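Down below is the structure, laid out as structure tokens.
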Amino acid sequence: MSSLSLRAPAKINLHLEVLGLRDDGFHELAMVMQTLDLADELQVDPAPAGQLHLVCSDPDLPVDGSNLIVKAAELLRQHCGCPELSAQLTLTKRIPIGAGLAGGSSDGATALLLLNRFWELQLAPAVLHDLAAQLGSDVAFCLQGGTQLCFGRGERLEPIEATAHPAVLLIKDPSVSVSTPWAYGRCKERLGSGYLSSEAEFEQQRQSLRQAPLLAWLRGQQQQVPPLRNDLQQVVAPENASVQKGLALLSAAAQPLQVAMSGSGPSLFALYRDQAAAQEAERLLAPALAENGFEHWICQFTAERHG
């Protein structure tokens, strides 16, 4: 088959609630995740039998077996019992690395979709979902994208029929990174005394989120954007000066609808009613963002992807 390519979109968390600890040691989560039009691009070309090779436009990103793209390819070959399958993979990186935007997870999900087509495997969506869940907590969401409730470790998805399409001003200091395991460890230390402990309690919180004002806004049932919750922001921001500064800058300019951190950070975002408002905020903030070392992007929500 000739060359194929797919976009791998970034995501932000509009809601991230840590409910408690699961029996497997992972945290039980209740989230609302949203894909953006900021995206990497993954291309696949023919290669000699049995060869898997990945190159990337960003020299800082490992392209060995630790990369989720390579892991996804190997998982597909293992699942199908076809070690002779081959691919030359090329990743054009636009999503910042280690930013809480699921760039790696989205790349891995896109590899599953792309190689399923390239290798003509014809695996059903449910099979791809199960493989995605094996790769990582956010990979199943990235396989589908759009606006979704995400429960469990993030792999249990419930799509939201969203009509809200705000503009997003996204910022990230490239010199700062936050370890996701560290953030969850600090969350357990600081907030663990309030963790829920039973499936019945977890389900009660899930149902509360299903009926929350955030979902009413996303569905166009109310105009005002409610405050956004990210439990990891509560523990990351006090120990990260860049996150504190970025939140303050975004909150101070052009009357954003809401401001929050995405995932475990350190990426931050502000929502605006439209592109013009986001561009005005960008104009006002550009000198301060540059002075404090922030890169920035204006983005839009994107609908469910179809691979």
Side-chain angles (χ1 to χ4, degrees), residues 9-18 27 29 31-40 58-62 93-107 137-138 166-191 225 227-272 277-299:
K11 65 82 185 168
I12 55 173
N13 295 84
L14 299 174
H15 183 94
L16 194 165
E17 186 175 355
V18 180
H27 280 85
L29 305 173
M31 302 183 289
V32 177
M33 294 207 282
Q34 172 66 57
T35 47
L36 302 176
D37 59 1
L38 174 65
D40 297 341
D58 189 333
D60 293 330
L61 187 71
K93 195 71 183 154
R94 299 186 184 98
I95 303 170
I97 299 169
L101 300 173
S105 295
S106 189
D107 293 342
S137 297
D138 289 342
V168 181
L169 178 56
L170 181 69
I171 69 171
K172 199 256 181 185
D173 184 339
S175 69
V176 175
S177 62
V178 175
S179 162
T180 298
W182 172 85
Y184 277 103
R186 290 294 284 152
C187 188
K188 181 181 177 183
E189 291 173 13
R190 294 190 54 191
L191 306 178
V225 188
L228 305 181
R229 175 174 177 174
N230 182 341
D231 288 350
L232 297 183
Q233 182 178 322
Q234 296 183 48
V235 300
V236 171
E239 301 188 37
N240 191 302
S242 172
V243 171
Q244 293 175 38
K245 184 64 176 180
L247 290 170
L249 287 172
L250 289 175
S251 298
Q255 298 181 321
L257 300 175
Q258 289 295 345
V259 171
M261 187 179 81
S262 182
S264 58
S267 291
L268 311 165
F269 65 91
L271 302 180
Y272 292 91
Q279 289 171 344
E280 175 63 9
E282 179 188 39
R283 184 186 68 81
L284 293 171
L285 281 172
L289 291 175
E291 181 181 345
N292 288 277
F294 288 100
E295 296 178 341
H296 67 276
W297 303 261
I298 292 180
C299 310

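Positions are given from 1 along the sequence. Computed from a predicted model, the values in this text were never measured in an experiment.
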Point to revise | Flag, side chain of S267 to backbone of A99, donor-acceptor distance under 3.5 Å | key: yes

Point to revise | Spacing of L271 atom CG and L170 atom CG [to the nearest 0.5 Å] | key: 10.5 Å

Check your understanding: Does any N or O in the side chain of R229 come within less than 3.5 Å of the main-chain N or O of H15, such that one atom is a donor and the other an acceptor?
Key -> no

Exercise for review: Could you tell me the separation between the CG atom of N13 and the CG atom of D138, rounded to the nearest 0.5 Å?
Suggested key: 7.0 Å

Review point. For the residue pair P166 and Y272, what are the closest heavy atoms and their distance?
Key: CB-O, 3.2 Å

Review point. Quick check: does any side chain N or O of E282 sit under 3.5 Å from a backbone N or O of I298, one acting as donor and the other as acceptor?
Key: no

Point to revise | Heavy-atom pair of closest approach, residues L247 and A260 | key: CD2-C, 4.1 Å

Exercise for review: Could you grab the distance from atom NZ of K11 to atom CG of L101, nearest 0.5 Å is fine?
Suggested key: 7.0 Å

Review point. Between S262 (side chain) and G100 (backbone), is there a donor-acceptor pair under 3.5 Å?
Key: yes

Exercise for review: Any chance you could measure L36, atom CG, to I12, atom CD1, to the nearest 0.5 Å?
Suggested key: 5.0 Å

Point to revise | Evaluation steps, side chain to side chain contact (heavy atoms under 4.5 Å, CB included), between W297 and K172 | key: CA-CA 9 Å; W297 303 261; K172 199 256 181 185; 4.1 Å; yes

Point to revise | Minimum side-chain heavy-atom gap P238-R190 below 4.5 Å | key: yes

Check your understanding: Can you name the closest pair of heavy atoms from A183 and V235 and give their distance?
Key -> O-CG2, 3.8 Å

Check your understanding: Would a 4.5 Å heavy-atom cut-off, applied to side chains only, mark C299 and D37 as touching?
Key -> yes

**Study point:** Taking every non-hydrogen atom, the tightest pair across L169 and A281
**Key:** CD2-CB, 4.2 Å

Point to revise | Non-hydrogen side-chain atoms of P62 and I97 separated by less than 4.5 Å | key: no

Review point. Is atom CD of Q244 surrounded by more than 12 heavy atoms (other residues, nucleotides or ligands) closer than 6.0 Å?
Key: yes

**Study point:** Flag, side chain of S106 to backbone of A102, donor-acceptor distance under 3.5 Å
**Key:** no

Check your understanding: Should L232 and C187 count as side-chain neighbours, where that means a heavy-atom distance under 4.5 Å?
Key -> yes

Check your understanding: Less than 4.5 Å apart, any side-chain heavy atom of F269 and any of P256?
Key -> no

Point to revise | Atom pair CG/NE2 of L249 and H296 - distance to nearest 0.5 Å | key: 12.0 Å

Check your understanding: Hey, what do you get for CE (M261) to CG (D231), rounding to the nearest 0.5 Å?
Key -> 10.0 Å

Exercise for review: Check the pair W182 / V236 against side chain to side chain contact (heavy atoms under 4.5 Å, CB included), numbers first and verdict last.
Suggested key: CA-CA 9 Å; W182 172 85; V236 171; 4.0 Å; yes

Practice item. Of all the heavy-atom pairs spanning R94 and D40, show the shortest one and how long it is. Key: N-OD1, 2.7 Å

Review point. Would V243 and L268 satisfy side chain to side chain contact (heavy atoms under 4.5 Å, CB included), going step by step from the backbone distance to the final call?
Key: CA-CA 7 Å; V243 171; L268 311 165; 3.9 Å; yes

Review point. Does some side-chain heavy atom of L285 sit less than 4.5 Å from a side-chain heavy atom of F294?
Key: no

Exercise for review: Determine whether D107 and K93 make a side-chain contact, defined as any pair of heavy atoms from C-beta on separated by less than 4.5 Å.
Suggested key: yes

**Study point:** Contact check, side chains of I171 and L250, non-hydrogen atoms, under 4.5 Å
**Key:** yes

Revision key, fill the gap. Residues A270 and V259: closest non-hydrogen pair is CB-CG2, 3.8 Å

